[in-house]
Amino acid sequence: MEDFKRLCDDVYAKGMKIIIDCVYNHTSPDSVLAKEHPDWFYHKKDGSFGNKVGDWSDVIDLDYSHKDLWKYQAETLVMWAKYVDGFPLRRGPDGAGGILEVCQRRSG
């Protein structure tokens, strides 16, 4: 994180803006989040992690039926917003509006 903060300082010193891409529909199967909260992920019929695309073996989908996941993701967005100017949100067909509403409540 310290490297990222230094990068931000350097970018802002040059008068530029920072946009980071937050991919909130899937993550790596070996992510910290998958280890700490395996229940927040989509599982195949056999109980193993999976994704709805099927041909992406290197990612697992998040399952947004868990309200604690929404809260966690909102907290991460609020945290990143302290350092960057913005980020596109591409979270799939059900949209990211719910996460943005939670962010507004937490930051306001």
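Here, residue 1 is the first one in the sequence, and each next residue gets the next number.
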Quiz prompt | 4.5 Å side-chain heavy-atom contact, His43 and Asp63 | solution = no
Exercise. Tell me whether Tyr42 is reachable from Leu69 by hopping between hydrophobic residues (I, L, V, M, F, W, Y) whose side-chain heavy atoms are closer than 4.5 Å.
Key: no
Quiz item: Phe87 and Trp80: aromatic ring centres closer than 6.0 Å?
Solution: no
Quiz item: Roughly how far, to the nearest 0.5 Å, is CZ of Phe41 from CG of Leu33?
Solution: 4.0 Å
Self-check item: Ion pair check, Asp3 and Arg6, cut-off under 4.0 Å
Solution: yes
Quiz item: Can you list the steps and then say if Gln73 with Leu62 is a side chain to side chain contact (heavy atoms under 4.5 Å, CB included)?
Solution: CA-CA 11 Å; Gln73 297 293 49; Leu62 290 156; 3.5 Å; yes
Quiz item: Quick one: CG on Asn25 to NZ on Lys52, what's the gap to the nearest 0.5 Å?
Solution: 9.5 Å
Practice problem: Give a yes or no answer on whether the side chain of His26 reaches the backbone of Asn51 with a donor-acceptor pair at less than 3.5 Å. | Solution: no
Exercise. Flag yes if Ile19 and Tyr24 sit in one hydrophobic cluster, no otherwise; membership is Ile, Leu, Val, Met, Phe, Trp, Tyr, and two members link when side-chain heavy atoms are under 4.5 Å apart.
Key: no
Practice problem: Give a yes or no on whether Lys17 atom NZ has more than 12 heavy-atom contacts from other residues, nucleotides or ligands under 6.0 Å away. | Solution: no
Quiz prompt | Distance in Å, Met16 CE paired with Ile18 CD1, rounded so as to fall on 0.5 Å steps | solution = 8.0 Å
Practice problem: Give, for atom OG of Ser28 and atom CD1 of Ile60, the distance between the pair rounded to the nearest 0.5 Å. | Solution: 7.0 Å
Quiz item: Aromatic rings His37 and Tyr72: how do their planes relate, parallel, tilted or perpendicular, breaks at 30° and 60°?
Solution: tilted
Quiz item: In terms of hydrophobic clustering (I, L, V, M, F, W, Y; side-chain heavy atoms under 4.5 Å; direct or indirect links), are Ile20 and Met79 co-clustered?
Solution: yes
Practice problem: Take Leu7 and Tyr83 through the test side chain to side chain contact (heavy atoms under 4.5 Å, CB included) and record every step on the way to the result. | Solution: CA-CA 10 Å; Leu7 173 66; Tyr83 304 101; over 6 Å; no
Quiz item: Mind checking whether Val32 and Leu77 sit in one hydrophobic cluster, side chains of I, L, V, M, F, W, Y counted as touching below 4.5 Å?
Solution: no
Quiz item: Between Asp61 and Phe49, does a side chain to side chain contact (heavy atoms under 4.5 Å, CB included) hold up when you go through it step by step?
Solution: CA-CA 8 Å; Asp61 286 349; Phe49 288 132; over 6 Å; no
